[in-house]
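Below is one structure; the comments refer to it alone.
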Amino acid sequence: MSVVTRFAPSPTGFLHIGGARTALFSYLYAKRFGGKFLLRIEDTDRERSTQEAVDAIFEGMAWLGLTSDFGEIYQTKRFDRYAEVIAQMLAAGTAYHCYASREELDAMRAEQQARKEKPRYDGRWRPEAGKVLPTPPEGVKPVVRFKNPQEGEVVLNDLIKGQIVFSSDELDDLIIARGDGVPTYNFCVVVDDMDMGITHVIRGDDHVNNTPRQINMIKALGATPPQYAHVSMILGSDGAKLSKRHGALGVMEYRAMGFTPDAILDYLVRLGWSHGDQELFTREEMIAKFDFDHVSASPARFDMEKAYWVSHQYLKSADVAAIAPEFDWHLRRQGVDPANGPALSEVIVQQRERCRTLLEMAEKSKFFYADIESYNEKDAAKHLSAKAVPILAGLIEGLGAVGDWQAESIHAAVHAVAEKLALKLGDVAQPIRVAISGAAVSPPIDQTLQLLGRERTLARLKAAADYAAAH
Ligand code: GLU
């Protein structure tokens, strides 16, 4: 059997981090078995679905690299198929028309509640052998209900939660098409999962209660139900329901925060799944190792600090070429032109030890690509005071004489200036840092100056000397 999984979001908001994890689990499971993964947009609720949300889902999935093996699939493009299946079910007697009005149903519910019973459809239009049905009222467009088997139980062998048994008499006859013919959510899912040959349904555990109904419908259609894996929810770090404050943000917000797609995937895969103590996985490793035996049945906790840690590990070890395009995106977003300075890959190598995210890296690297707008006030007060004037003058002279603009000769020139002025290296290095980057932190001076280039270095040292003389 070849595995086919799907991610089936309703486009009512951005692709949030919890949805991305569900998508990732589905994707990994399919790939692990050389199977296929599809993305299905569940947009039948036309009031709540928006094009913006559809776009956000595609954008987020593309950024994460979770590509569908099928084209774009929308439920709203499949209404003919749903109508066909409904007609089949009516003909086969596995579905029936129900003419009960809203008022009737409300009254039924009120009576049941008064009797302290669970509200449910009482089957008044359900055909049974020997039962005489009421006469259909004039001018009423009936809904279609699924004739749910009333005996026995539905056994769900969930790949994460284990066995869950539902008694059939708890399940009333679900509406599968409204009076206007529009099919309902649970029904569309069933037809799609069947038609698309889905072998494993991996989704949030808020859907557990839909599952027995879906299983019964698939069976009524003569198909074999898929296997199910219901993923527990994600809680905030404090154990409360995950909210924005905890990090329940859209995937693209994580991009803006400076995470790489691989870091996000790595962080997400460990939210609920484990493989021994291993924390960091390449995409290939995730695919090779992912399984449901090690997905926890209890809720995972979102931990922003951990996400930053993972991000930093990735930046430190990732293939530079792979993160350069993302770094480019951040620099542009900060209004600098990445062409106007050193190769991105070289800057990444210098910066990655000290930056947890690409946003931080871009902020700390802007000075390579654009003039600095101002000095950090405290740093300038400390390192660009009148005391710095002779230091900067010495540097301009010493560095101006460097023939071969390479880290080694730069290093030697800076040392020589310190020696000549009988200063410690730090006393010379700090004014350089503030002069060239605006603040007193930067990667090693010699490397930084090499990357910055002779002209820019000398121009900034001169500007700093003028500033120091005036302060
Ligand atoms: N469309 C549903 C949702 O966004 C998912 C349904 C499913 O995976 O079966 O919650």
Side-chain angles (χ1 to χ4, degrees), residues 3-30 35-61 64 66 68 70 72-79 82 85 146 154 156 158-161 164 166 174 176 182-219 221 223 225-234 241-242 248 250-251 268 272 292 295 299:
V3 171
V4 185
T5 65
R6 83 314 191 264
F7 174 53
S10 304
T12 53
F14 47 64
L15 173 60
H16 60 87
I17 205 79
R21 183 187 61 159
T22 307
L24 174 64
F25 284 7
S26 303
Y27 174 88
L28 293 176
Y29 196 74
K36 300 225 188 298
F37 165 74
L38 68 85
L39 172 61
R40 181 169 84 216
I41 304 292
E42 302 208 319
D43 54 351
T44 50
D45 183 345
R46 284 183 155 148
E47 261 159 46
R48 294 183 60 226
S49 303
T50 65
Q51 187 56 41
E52 216 184 339
V54 172
D55 295 343
I57 291 165
F58 282 118
E59 189 188 22
M61 294 289 282
L64 292 172
L66 302 178
S68 170
F70 301 85
E72 297 182 3
I73 301 171
Y74 297 88
Q75 287 190 324
T76 43
K77 298 206 171 138
R78 290 177 42 79
F79 278 132
Y82 303 138
V85 178
F146 171 57
V154 183
L156 164 63
D158 192 272
L159 294 172
I160 297 173
K161 297 193 175 290
I164 307 175
F166 302 86
L174 192 79
I176 58 175
V182 176
T184 58
Y185 165 73
N186 271 294
F187 173 73
C188 299
V189 169
V190 159
V191 176
D192 288 351
D193 285 342
M194 175 179 80
D195 285 356
M196 295 167 197
I198 303 299
T199 58
H200 295 76
V201 167
I202 298 150
R203 60 183 172 200
D205 67 0
D206 46 335
H207 289 282
V208 167
N209 287 328
N210 290 329
T211 307
R213 291 192 164 87
Q214 293 184 4
I215 290 176
N216 279 347
M217 281 192 275
I218 291 202
K219 283 188 178 159
L221 290 168
Q227 287 198 268
Y228 294 87
H230 287 97
V231 185
S232 298
M233 58 174 162
I234 303 175
K241 190 172 177 288
L242 192 67
V251 162
L268 288 178
F292 284 114
V295 171

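Everything numeric in this text was worked out from a predicted model, so none of it was measured. In listed order, ligands and their atoms are each counted from 1.
Remark: ligand 1 and Asp206 share no N or O pair separated by less than 3.5 Å (distance only, no angle test). Between Ile202 and ligand 1, a contact under 3.5 Å exists for no N or O pair.
Arg6 counts as a contact of ligand 1, since one of its heavy atoms falls under 4.0 Å from the ligand. Residue Tyr185 places a heavy atom less than 4.0 Å from ligand 1.
None of Gln214, His200, Arg40 except one satisfies the side-chain hydrogen bond (donor to acceptor under 3.5 Å, both in side chains) rule with Asp193; the exception is Arg40.
Relative orientation of the His16 and Phe14 rings is perpendicular, given thresholds of 30° and 60° on the angle between their planes. In this pair, His207 and Tyr185 present their aromatic rings tilted. The plane angle is within the 30 to 60° band. Between Phe25 and Phe292, the ring planes lie perpendicular to each other; the angle is over 60°, past the 30° to 60° tilted range.
The closest donor-acceptor contact from the side chain of Ser49 to the backbone of Arg46 lies at 3.5 Å or more, if one exists at all.
Residue, atom and distance of the protein heavy atom nearest to atom 5 (C) of ligand 1 are Ala8 O, 3.2 Å.
Between Asp195 and Arg78, at least one side-chain N (NZ, or NE/NH1/NH2) sits under 4.0 Å from a carboxylate O, which counts as a salt bridge.
Counting heavy atoms closer than 4.0 Å to ligand 1, residue Ser10 contributes atoms from both its backbone and its side chain.
When the heavy-atom distances from atom 10 (O) of ligand 1 to His207, Gln75, Glu42 are ranked, the shortest goes to His207.
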